[in-house]
Amino acid sequence: MTAQDHRCAPLCSASFVVTDAGATAEDTVSVDADAVQLVVELVSPGNKTMDRKFKPLLYAEAVIPQFWRLEYDPAPRLIVSELYAGRYVETTTALAGATTRIHAPFPVDIDPAGLTSL
């Protein structure tokens, strides 16, 4: 496995991936980690440890600048993290019922309560 293959492997199981424009122009199935700006994980009850602990380590190793984690229990909340010195640092927590402005990798106003149907 090459370094590039290793860096792309964890992205195959991400819930959502936001890439640079044109990153999927030639290959709509896989994306080079260098083109990924944001990975979003929807934390599932049976996969909490993977989504909270293991996957962020892989994404950080792949140098993905932004990592968001949507938690559903006990209430919807979006934890926004930014890569800093090789690890993710939580910068914002958006709570259900309140609109939160997130600035990177693009500006968006979001209320996690509206994301429960994903």
Side-chain angles (χ1 to χ4, degrees):
M1 176 181 288
T2 67
Q4 187 172 8
D5 291 337
H6 177 69
R7 290 177 12 147
C8 186
L11 298 181
C12 297
S13 63
S15 298
F16 294 99
V17 177
V18 176
T19 66
D20 295 332
T24 59
E26 293 182 23
D27 182 354
T28 60
V29 176
S30 64
V31 177
D32 184 19
D34 294 338
V36 176
Q37 296 301 311
L38 165 66
V39 173
V40 182
E41 284 296 340
L42 309 181
V43 177
S44 59
N47 218 15
K48 289 179 182 179
T49 300
M50 286 289 291
D51 294 339
R52 292 177 180 158
K53 305 289 183 192
F54 184 66
K55 287 182 179 181
L57 293 173
L58 294 174
Y59 300 144
E61 184 178 310
V63 195
I64 308 301
Q66 300 284 327
F67 173 67
W68 297 2
R69 191 178 78 237
L70 182 61
E71 298 273 354
Y72 294 101
D73 189 31
R77 68 190 180 285
L78 181 67
I79 296 95
V80 176
S81 301
E82 184 174 330
L83 190 63
Y84 179 76
R87 68 180 196 89
Y88 288 108
V89 177
E90 292 182 12
T91 58
T92 304
T93 299
L95 302 175
T99 300
T100 301
R101 178 74 165 183
I102 299 172
H103 298 280
F106 48 83
V108 63
D109 295 320
I110 195 162
D111 177 353
L115 301 176
T116 58
S117 61
L118 292 176

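All values below come from the heavy atoms of this structure, side chains included, with hydrogens, waters and symmetry mates left out. Keep in mind it's a predicted model, so treat the numbers as computed, not measured.
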Are V89 and I64 linked, directly or through intermediate hydrophobic residues, by side-chain heavy-atom contacts shorter than 4.5 Å (ILVMFWY only)?
no
Search all heavy atoms of G97 against all heavy atoms of A113 and return the closest pair with its distance.
N-CB, 3.9 Å
If you compare all heavy atoms of P56 against all heavy atoms of M50, which two are closest, and at what distance to 0.1 Å?
CD-O, 4.0 Å
Determine, stepwise, if the pair Y59 / L83 fulfils side chain to side chain contact (heavy atoms under 4.5 Å, CB included).
CA-CA 9 Å; Y59 300 144; L83 190 63; over 6 Å; no
From L115 atom CG to I110 atom CD1, the distance as rounded to the nearest 0.5 Å:
4.5 Å
Applying salt bridge (Lys or Arg N to Asp or Glu O under 4.0 Å), can you list everything that pairs with R52, at least two apart in sequence or on another chain?
E71
Return each pair, listed once, that meets salt bridge (charged side-chain N to carboxylate O under 4.0 Å, His left out) where at least one residue sits in residues 97-113; pairs must be two or more places apart or across chains.
R101-D109
Checking side-chain contact (heavy atoms from CB on, under 4.5 Å) against W68, which of V18, T92, V80 comes through?
V80
Scan for ring-ring contact (aromatic ring centres under 6.0 Å, His included) pairs involving residues 73-94, sequence neighbours excluded, and state none if there are none.
F67-Y88
Cluster question for you: counting only ILVMFWY and a side-chain heavy-atom cut-off of under 4.5 Å, with indirect links fine, are F54 and V43 together?
no
Would you confirm whether D51, through its side chain, and S44, through its main-chain N or O, come within 3.5 Å as a donor-acceptor pair?
yes
Do L42 and Y72 pass the side chain to side chain contact (heavy atoms under 4.5 Å, CB included) test, and can you show the C-alpha distance, the side-chain angles, and the key distance before you say yes or no?
CA-CA 8 Å; L42 309 181; Y72 294 101; 3.9 Å; yes
Test item: T91 side-chain N/O and E82 main-chain N/O as donor-acceptor pair under 3.5 Å
no
Out of curiosity, I79 CD1 to L70 CG, how far, rounded to the nearest 0.5 Å?
7.5 Å
Kindly compute the distance separating CZ (R69) from CD (E41), expressed to the nearest 0.5 Å.
10.0 Å
What one should report as the nearest heavy-atom pair of R87 and A60 is CA-CB, 4.5 Å
Separation between CD1 (I102) and CG (L78), nearest 0.5 Å, reads 5.0 Å
